[in-house]
Amino acid sequence: MKPLKKVIATAALMLATLAPAAHAEQKIAVIDMGAVIAQHPEREAVAQKMEQDFAERIAAVRSLQEELQELAQKMQKDAALMSDAQKTEMERKGQSLQADLQLKGQALEEDMQKRQNDEQRKILMQVQGAIQTVAEQGGYDIVLEARSVVFADEQHNISAKVLEAVTKGN
């Protein structure tokens with residue numbers, strides 16, 4: 001029984017001494033994805049393009065909002081002078097405008113959100129490709145998101161290299 005304990009103790013000692021050597025061979029990098037995406041060269045152009053593409057619909061929704069607000073002000077101001085039929089007609093018009101505004105506003109919001117998600121997905125794919133390229137060129141085994149790392153020396157941060165690779169087009 002004692003020789004078995006010696007063998008186990010020797011094996012445990014060998015594993016304990018070999019484990020740090022295995023970890024020392026891995027090259028680890030960190031990246032601040034939020035900063036890289038925020039500084040992505042196409043981000044501003046995409047935002048401007050979206051603004052142009054949706055400008056007409058945004059203007060239509062704003063126009064409906066203004067029309068509804070004007071109607072509400074007119075109704076409040078002139079309510080004492082209106083007949084019941086006129087009040088009912090204005091209320092119906094207000095309800096119709098409100099329903100139209102809600103429908104168009106919700107559709108616009110959904111379309112803009114979908115488009116923004118698509119554009120963000122494209123940017124993220126470019127960044128992931130650049131990370132892959134920089135990691136392979138730098139010989140990194142592991143790349144971690146900087147937010148999930150408590151501490152990392154700045155020499156391990158590849159954010160600038162990734163941003164440069166994205167700028168150059170990978």
Side-chain angles (χ1 to χ4, degrees), residues 1-66 68-69 99-170:
M1 202 66 158
K2 285 192 177 190
L4 183 59
K5 286 184 181 179
K6 284 184 181 180
V7 170
I8 292 174
T10 304
L13 184 61
M14 287 177 60
L15 285 175
T17 57
L18 291 178
H23 289 296
E25 292 176 21
Q26 290 185 337
K27 194 169 178 185
I28 299 173
V30 295
I31 183 167
D32 186 348
M33 287 291 285
V36 171
I37 289 172
Q39 296 172 21
H40 193 282
E42 292 180 20
R43 195 179 67 83
E44 189 69 32
V46 166
Q48 288 176 352
K49 175 82 168 110
M50 278 186 59
E51 196 173 304
Q52 288 173 350
D53 291 349
F54 289 102
E56 193 174 305
R57 290 176 62 189
I58 290 170
V61 168
R62 284 188 182 141
S63 176
L64 279 173
Q65 288 173 330
E66 290 169 3
L68 186 62
Q69 188 175 15
D100 196 26
L101 174 64
Q102 187 174 5
L103 182 67
K104 287 182 179 180
Q106 187 174 6
L108 174 63
E109 190 175 313
E110 288 172 1
D111 291 348
M112 287 180 71
Q113 185 66 43
K114 183 179 183 291
R115 173 81 175 274
Q116 186 173 5
N117 289 343
D118 290 344
E119 296 297 339
Q120 283 180 339
R121 195 173 302 114
K122 290 176 190 175
I123 288 173
L124 186 59
M125 295 298 287
Q126 289 175 347
V127 170
Q128 287 176 335
I131 291 170
Q132 185 76 30
T133 300
V134 169
E136 288 172 358
Q137 289 174 350
Y140 293 102
D141 299 308
I142 299 172
V143 178
L144 301 172
E145 165 61 51
R147 292 180 301 185
S148 63
V149 176
V150 176
F151 173 79
D153 193 335
E154 191 58 34
Q155 72 181 10
H156 298 290
N157 190 334
I158 61 169
S159 300
K161 292 176 184 174
V162 169
L163 191 56
E164 184 180 328
V166 167
T167 305
K168 289 180 179 176
N170 285 350

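The structure displayed is predicted, hence computed values, not measured ones.
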>> Taking the side chain as everything from C-beta on, heavy atoms only, tell me whether Q116 gets closer than 4.5 Å to V46.
In response: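 Side chain of Q116 against side chain of V46, heavy atoms only: no contact under 4.5 Å found.
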> Between T133 and G129, is there a donor-acceptor pair closer than 3.5 Å when you use the side chain of the first and the backbone of the second?
Replying inline: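 Present.
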>> Assess the residue pair I58 and M112 against the criterion (side-chain contact (heavy atoms from CB on, under 4.5 Å)); give the C-alpha distance rounded to whole Å, side-chain angles, the decisive distance to 0.1 Å, and a yes or no.
In response: CA-CA 10 Å; I58 290 170; M112 287 180 71; 4.2 Å; yes
>> We want to know whether E136 and Q132 form a side-chain donor-acceptor pair, criterion being a heavy-atom distance below 3.5 angstrom.
In response: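 There is such a pair between these side chains.
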> Which residues pass the salt bridge (charged side-chain N to carboxylate O under 4.0 Å, His left out) test with R115, sequence neighbours left out?
Replying inline: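 D53, E119.
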>> Suppose we screen for salt bridge (charged side-chain N to carboxylate O under 4.0 Å, His left out). Which residues come up paired with D111, at least two apart in sequence or across chains?
In response: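 D111 satisfies salt bridge (charged side-chain N to carboxylate O under 4.0 Å, His left out) with R57 once adjacent residues are dropped.
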>> With side-chain contact (heavy atoms from CB on, under 4.5 Å) as the criterion, how do E110 and Q106 come out once you've worked through the C-alpha distance, each side chain's angles and the decisive distance to 0.1 Å?
In response: CA-CA 6 Å; E110 288 172 1; Q106 187 174 6; 3.5 Å; yes
What is the distance from atom [atom1] of [X] to atom [atom2] of [Y], rounded to the nearest 0.5 Å?
{"X": "K49", "Y": "E44", "atom1": "NZ", "atom2": "CD", "value": "15.0 Å"}
{"X": "D32", "Y": "I37", "atom1": "CG", "atom2": "CD1", "value": "9.5 Å"}
{"X": "I31", "Y": "H156", "atom1": "CD1", "atom2": "NE2", "value": "15.0 Å"}
{"X": "E42", "Y": "T167", "atom1": "CD", "atom2": "OG1", "value": "9.5 Å"}
{"X": "K104", "Y": "L108", "atom1": "NZ", "atom2": "CG", "value": "11.0 Å"}

> Of all heavy-atom pairs between V166 and H40, which one has the smallest distance, and what is that distance?
Replying inline: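 Taking V166 first and H40 second, the nearest heavy atoms are CG1-NE2, 3.2 Å.
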>> Tell me every residue that passes side-chain contact (heavy atoms from CB on, under 4.5 Å) with A47, counting only those two or more places apart in sequence or in another chain.
In response: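 So A47 forms no side-chain contact (heavy atoms from CB on, under 4.5 Å) with any residue.
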> So K161 and E164, side-chain contact (heavy atoms from CB on, under 4.5 Å) or not? Walk me through it.
Replying inline: CA-CA 5 Å; K161 292 176 184 174; E164 184 180 328; 5.6 Å; no
> Taking Y140 as the fixed residue, which of I158, I131, I28 is the one that meets the side chain to side chain contact (heavy atoms under 4.5 Å, CB included) rule?
Replying inline: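 In the set I158, I131, I28, the residue that makes a side chain to side chain contact (heavy atoms under 4.5 Å, CB included) with Y140 is I158.
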>> Taking CD in E145 as the centre, count heavy atoms belonging to other residues, nucleotides or ligands within less than 6.0 Å. Is the count above 12?
In response: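 Enclosed: over 12 neighbouring heavy atoms sit under 6.0 Å from CD of E145.
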> Above 12 or not: heavy atoms from other molecules or residues under 6.0 Å from CD of Q128?
Replying inline: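 Yes, CD of Q128 has more than 12 neighbouring heavy atoms, counting only those of other groups under 6.0 Å.
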>> Go through it in stages, so that I can follow the logic: the residues are Q120 and N117, the test is side-chain contact (heavy atoms from CB on, under 4.5 Å), and I'd like the CA-CA distance, side-chain angles, deciding distance and then a yes or no.
In response: CA-CA 5 Å; Q120 283 180 339; N117 289 343; 4.0 Å; yes
